[in-house]
Structure formats: C-alpha cells, structure tokens
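Numbered from 1 within each chain, the chains take letters A, B, ... in sequence-line order.
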Amino acid sequence: MAKIQSIRGMPDVLPDASAMRLWVEDRLKAVLARYGYAHVRMPLVEATALFARGVGDGTDIVEKEMYTFEDRSGESLTLRPEGTAGCVRLCEEHGLLYNQTQRLWYQGPMFRYERPQKGRYRQFEQLGVECFGFPGPAIDAELLGLCADFWRELGVQEALTLELNTLGSPESRAAYRDALLAYLRPLADQLDEDSQRRLERNPLRILDSKVPETQALLADAPDLAACLDEASRAHFDALRRYLDALAIPYVVNPRIVRGLDYYTHTVFEWTTTALGAQGTVCGGGRYDGLVERLGGRPTPGIGFAMGLERLTLLVEAHGAAPAEAAPLDVYVLALDETHSAEALALGQRLRQALPALTVQVHCSGGKAKARFKKADASGARYALILGETEVAEGTVAVKPLREGDAAQTTWTLPALIDHWREGLPSPSGTDVATRR
RNA sequence: GUGGGCGUAGCUCAGCUGGUAGAGCUCCGGAUUGUGAUUCCGGCGGUCGUGGGUUCGAGCCCCAUCGUCCACCCCA
C-alpha cells in the first residue's frame, strides 16, 4: 500500500525548526503588546465570494491559486489565501467599525496553490496587522515603525529594505489606469503574453513585469506621480516626513503596485536579497475602499502581512540567534520498574513546588545503565535517583551530570526543594555546555 | 502551468565501465547484578522513490510516473 505523506507544499515543522519559529513569534508578539494591538482569530475557511470581491477576481490569487471546494450543502468555500478580507468581514459582522477605530493583529496559515520553492509554500503562515478608521498618514507611519521594531527585535534590520510607493486615491488610481491604457493599447502586440492578458483586467500589474522587452516599453509610460491629485500627494508627502522623524530609511519604488486589487494610497514591501527569488518578507498598504466594497460603510483601512517562514529563514541567515534551547534541569529516574510510581510522584511534586524547574521523568523502562544513559542524553543538569535505599528512608539521591566528577548527594524532598527555591546553582564552567 | 538538479538505512552520504548493497552517526545489547557521557566488542536497520523496458545480469542504461529542491511566474 502506498505510504501516506504530507501534501505537496505543506511541510511539517520539526522540533528544532519549530523552536526557532516559536522564538520568532514570541519576539513579534512582545512588540505588538508594546503597541497595544488587539488579537483576533478568523476561520481558515470563508465564503468564496469574500475573496472574489475583496481580493479582486482579476488577481492571480483568485484566478488560479485558491483552494476552492463545495461543502456538503453545495456552498462554495475557500481556504483563505490571505487575511485582510476575512479580517474586514469579521469587523463588519460584529460591528467593530461602528464609530470607532481598531488596531488588530492575527496569525495563522494561509493557502495558495502555487509551485513550491524556497520561501514559498502552499500552506504558509502569516502574521497580519490591520488598522481601521484612520484616514490620515500617521497610522501609515505607525505601522511602518512597528515593522521596523519587529526587525530590530529580531536583529534583521540590516537585511531588509523598505520599498514604498503610492497609488493615490481611488480617483487618482482610475485616472492613472486610463492614462496607462491609452499609452499601452497601441503597443499591445509588443507586450509579453502575460502583460497582454493583464492589459484590460489589471493594467497596473504590467508595471511589475520582469520581462526586459516590456520594461523597455514602459520607459516612456505615463508617470503615476503625475496623475496624483492634491490630497493623495499631501498624504504621501506627510508620510515621508513622518518616516524621516522616525528615522526609518526607505526607497520610493514606483513599480510597487501590489497584486491585490484593494490597495490605494500607500503601498510598501520590505524586501531582502538574502532569500533567493522570494525576497518579500512583508507587504501591505492602505485599502480605503475595501470595507465599502465588502458591503460596509466607507472606512479607511491599512495593514500588512508578513510570511513567518521567510522571516524565520532570514533570522536564521542574518538575525539574532535565540538563546540555546533551555536544557532540562532535572531527570528523575527510578533504578528499576518497582519504583516508577514514586518517580512519577516525585516529578509531579517538584514541578508543583518549583514551577520554574524543568523536570522530566524516565518512562522507558530498562536497566539502571540504560536509565542513566537516557538521563545523560536528556541534557539534564541533575539526575534524581530513587532506588531501594532512597525509597526506604524517604530520600532522593541527586547526581550532577554536567560537573565533572562532582559527588552525588542525598536529600529529603523538602530540604531539596528549599535548597533549589532560589534557583539552581549556576552551571560551572563552559566546558559542560550541552545542547537541548 | 514551464524548465533544470536530485531521490540508496531513522539522519548525512559513498557505491568504479552494468557483475553478491556499504560507511559514519543514531539506536539496542554486552564488557560492569545500584550509576551516564570515553573506550572495546556485538547487534537491529534497505522492495536502492514507484512502475515498466533493455540485458545472461540493473542502485548504475532507457521510458514513464511520483516526490523534493531551485528557477520562471507570482507573492508572504
């Protein structure tokens, strides 16, 4: 019978890698807490129409990357390919946007049917941040400052570049679209195949094309900046001043247009050259029209999402290494099976009395020699030993495993707990450093 | 969807021009009846990704297929 294995592009995360991810996530959460952002959770599955309308049905994501299926009642459902649409739906459905502002974040898996490669998976995890009800550019700057604090916290600030652009108001964007179309239509037969397909559906995306011939044609294309109305220009100019005030360096890249239809005004990507082809670690922007488009009252919104797999790869390559995974403090073993009950109980009492202590109890059977081998392999600093004698006299033997030939000592449990109450003695010397 | 590299033990990998499947690590046992990490000895572990073909004979050559990695594309 064929072996069952994980679905293509949906990799398992093994203990070492997961420890790294948990560390990264903890650091990110610490920053979010400092900013006072509130956490929400959306379902992984939404009505297909939410993404068709929210993300835009001319986008690559909706056109060819969604996991869409019918449930047993025949309703069309989709595994979320991104978080913003669902977050807006959540806010609308529960009245979170009525006469109030929101600063929210969420984290979880997203699903896109693409060919897997480095930093790109079919199930991948994003941490997303969305703010609602803030029309002015201050929140744009706050979010970019939040990102910058993330990078500093993880030690990857040198590896990331902020690329910034503005699409202007929906009116500006529409005006530019018309201007671009007027310029490109006569040149249509010189465009590459993808760009021709995009010409009517999503012409701004052509700016993003990496085909050299197409880029050459674009050299004389109308300038988006020239189509910006006064208010759009003021918004962008103010944002740039705020970024200067926050000492956040950036480059304006007019080619950043983003692949999701809902963006207006500010759009940005944090990119790196350290991860191969998938260089965007974090991307986002303002989407002032989205809430209305999904049936709500006009509400300004702005947000970003970052790919935790990519970010973790970057931290591994360039960032602050997490402290070595804390090894066990104590490994409890009975010398044979007859005292397993006492060993289990000892472990439990230690954990209750000293919650900071990490305690593992031997559960694998075997002879004394095998038990000590396990104790050693566990990385624990001390083995707590229960044999015939100890159980008889109500004591426990404490054997240091990482201090050369330090002597084994015998304690009553209350005395040992008292002895360790202020923490274990600091490890002696670096030569005994042990992983895991 | 397109292109290229790679699939041999749990892991990392060798395997000559086609001629009886190997090493290191890990794990288990013994040397040592209640004491680990060193050392020595022994052991477990494989439909060589899968299916077909060529051949007296295939891990090796051919075809197909699946997986994986990288790139295009796209994005997180």
Is the Y382(A) to W420(A) ring centre distance short of 6.0 Å?
->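 Distance test on ring centres: under 6.0 Å, yes.
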What's the closest nucleotide to the side chain of [X] if the choices are [options]?
{"X": "A277(A)", "options": "rA31(B), rA76(B), rA71(B)", "value": "rA71(B)"}
{"X": "K118(A)", "options": "rA71(B), rG29(B), rC75(B)", "value": "rA71(B)"}
{"X": "F372(A)", "options": "rC74(B), rU35(B), rC70(B)", "value": "rU35(B)"}
{"X": "R112(A)", "options": "rC74(B), rC75(B), rG36(B)", "value": "rC75(B)"}
{"X": "K373(A)", "options": "rA76(B), rC75(B), rA37(B)", "value": "rA37(B)"}
{"X": "R8(A)", "options": "rU68(B), rC28(B), rC75(B)", "value": "rU68(B)"}
{"X": "Q408(A)", "options": "rG36(B), rU35(B), rC28(B)", "value": "rU35(B)"}

Please name the nucleotide paired to [N] by Watson-Crick or G-U wobble geometry with both distances under 3.5 Å, or report none.
{"N": "rU2(B)", "answer": "rA71(B)"}
{"N": "rG18(B)", "answer": "none"}
{"N": "rC11(B)", "answer": "rG24(B)"}

[N] phosphate, OP1 or OP2, under 4.0 Å from [X] side-chain N/O:
{"X": "K367(A)", "N": "rG30(B)", "answer": "yes"}
{"X": "R115(A)", "N": "rC72(B)", "answer": "no"}
{"X": "K374(A)", "N": "rC28(B)", "answer": "yes"}

Check: [X] side chain, [N] base, donor-acceptor under 3.5 Å:
{"X": "R120(A)", "N": "rC73(B)", "result": "yes"}
{"X": "Q117(A)", "N": "rC73(B)", "result": "yes"}
{"X": "R310(A)", "N": "rC75(B)", "result": "yes"}

Test: E337(A) and R371(A) ion pair at under 4.0 Å | yes
R255(A)/E163(A) ion pair, N-O < 4.0 Å |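 Result for this pair is no, no salt bridge flagged.
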Rounded C1' spacing from rC28(B) to rA64(B) in Å = 42 Å
Between rU20(B) and rG10(B), how far apart are the C1' atoms? Round to whole Å, please.
-> 26 Å
Between M10(A) and C282(A), which is nearer to the 5' end of RNA chain B once each is assigned its nearest nucleotide?
-> M10(A)
Want to settle it: does G366(A) or P11(A) sit nearer the 5' end of RNA chain B, counting the closest nucleotide to each?
-> G366(A)
Just the rounded figure in Å: distance from [atom2] of [N] to [atom1] of [X].
{"X": "R122(A)", "N": "rU68(B)", "atom1": "CZ", "atom2": "C1'", "answer": "12 Å"}
{"X": "E114(A)", "N": "rC74(B)", "atom1": "CD", "atom2": "P", "answer": "11 Å"}
{"X": "F268(A)", "N": "rA76(B)", "atom1": "CZ", "atom2": "P", "answer": "11 Å"}
{"X": "L160(A)", "N": "rA76(B)", "atom1": "CG", "atom2": "C1'", "answer": "12 Å"}
{"X": "E309(A)", "N": "rC69(B)", "atom1": "CD", "atom2": "P", "answer": "13 Å"}
{"X": "I385(A)", "N": "rU35(B)", "atom1": "CD1", "atom2": "C1'", "answer": "6 Å"}
{"X": "E163(A)", "N": "rC75(B)", "atom1": "CD", "atom2": "P", "answer": "14 Å"}

Before giving the answer on salt bridge (charged side-chain N to carboxylate O under 4.0 Å, His left out), spell out for E153(A) and R34(A) the whole-Å C-alpha distance, their side-chain angles and the decisive distance to 0.1 Å.
-> CA-CA 12 Å; E153(A) 187 78 18; R34(A) 264 175 240 155; 3.3 Å; yes
Just checking, any donor-acceptor pair under 3.5 angstrom between side chains of T395(A) and E390(A)?
-> no
Establish, for the pair R80(A) and F51(A), whether the NZ or CZ atom is under 6.0 angstrom from the six-membered ring centre and no further than 45 degrees off its axis.
-> no
Is there a donor-acceptor pair closer than 3.5 Å between any side-chain N or O of S378(A) and the backbone N or O of A375(A)?
-> yes
Sugar-phosphate only, base, or nothing, as touched by K399(A) at under 4.0 Å among non-hydrogen atoms = base
